[in-house]
Structure formats: structure tokens, C-alpha cells
Amino acid sequence: MTEPLRFHLNEHVDPDLARALRRVEIDATTTTEANLHTSSDDAQLNFALSEGRILITHDQDFLRVGCPGPHA
């Protein structure tokens, strides 16, 4: 059986989204809940990876500095 998707929403995403996801039994954390408010993009990503979560952000320059690959 496939593992359920788990999400982490950084501070640029409305925390109401996490509450809405939980109402339909989707596991979601927020930056504030994870005590990561004002943490670096790397810290946010490392948290999500260590927890097996998909990171959701609206931060347009997330990981832009030093990150290889195309950017919109």
C-alpha cells in the first residue's frame, strides 16, 4: 500500500490551508507549528525532507541563491 502524502507549508502559505487539509484527514504542518518561523529556506526544506513531507510555498525566490536549474 502507498504511503499517504504529507505536507509542510512554509510561512508564505496561509495556515488555514493546513487546517482545511486536516479536516479531510491529510497530514499537514506549518512553519509556526514546527518552530521554523524566520528559518532559512534550507532549514524549511531539510525539515520537510526529514519528515517525508512535500514542501508547499508561495515564496517566489525559494532556494534561488545557489540552487542549480531553471527558475521561473
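Predicted model, so just to flag it, every value in this text is computed and none were measured.
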Shared hydrophobic cluster for [X] and [Y] (ILVMFWY, side-chain gaps under 4.5 Å):
X     : Y     : answer
Val13 : Ile26 : yes
Leu49 : Leu36 : no
Leu21 : Ile56 : yes
Leu9  : Ile54 : yes

> Under the 3.5 angstrom rule, does the side chain of Glu33 hit a backbone N or O of Thr30 as a donor-acceptor pair?
Replying inline: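 Yes; judged by distance alone, with no hydrogens or angles, the pair exists.
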> Do Glu11 and Thr32 have side-chain atoms, one donor and one acceptor, less than 3.5 Å apart?
Replying inline: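 Their side chains do not contain a donor-acceptor pair, so the 3.5 Å distance test is not met.
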>> Side chains of His8 and Thr29: any donor to acceptor distance under 3.5 Å?
In response: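 Their side chains do contain a donor-acceptor pair, which is all the 3.5 Å distance test asks for.
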>> So, using ring-ring contact (aromatic ring centres under 6.0 Å, His included) as the criterion, who are the partners of Phe7 when residues are at least two apart?
In response: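 For Phe7, no residue satisfies ring-ring contact (aromatic ring centres under 6.0 Å, His included) once neighbours in sequence are set aside.
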> To the nearest 0.5 Å, how far apart are CG in Asn10 and NE2 in His37?
Replying inline: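 Nearest 0.5 Å value for the CG-NE2 distance: 10.5 Å.
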>> Just verifying a value: how many Å separate Ser39 OG and Leu45 CG, rounded to the nearest 0.5 Å?
In response: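 With rounding to 0.5 Å, OG (Ser39) is 12.5 Å from CG (Leu45).
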>> If the condition is salt bridge (Lys or Arg N to Asp or Glu O under 4.0 Å), which residues does Asp27 pass it with, not counting sequence neighbours?
In response: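 Testing Asp27 for salt bridge (Lys or Arg N to Asp or Glu O under 4.0 Å), a comparison that skips the adjacent residues, returns Arg6, Arg53.
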>> Surrounding NE2 of His12 (heavy atoms of other residues, nucleotides or ligands, distance under 6.0 Å), is the total greater than 12?
In response: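 Counting other residues, nucleotides and ligands, NE2 of His12 exceeds 12 neighbours.
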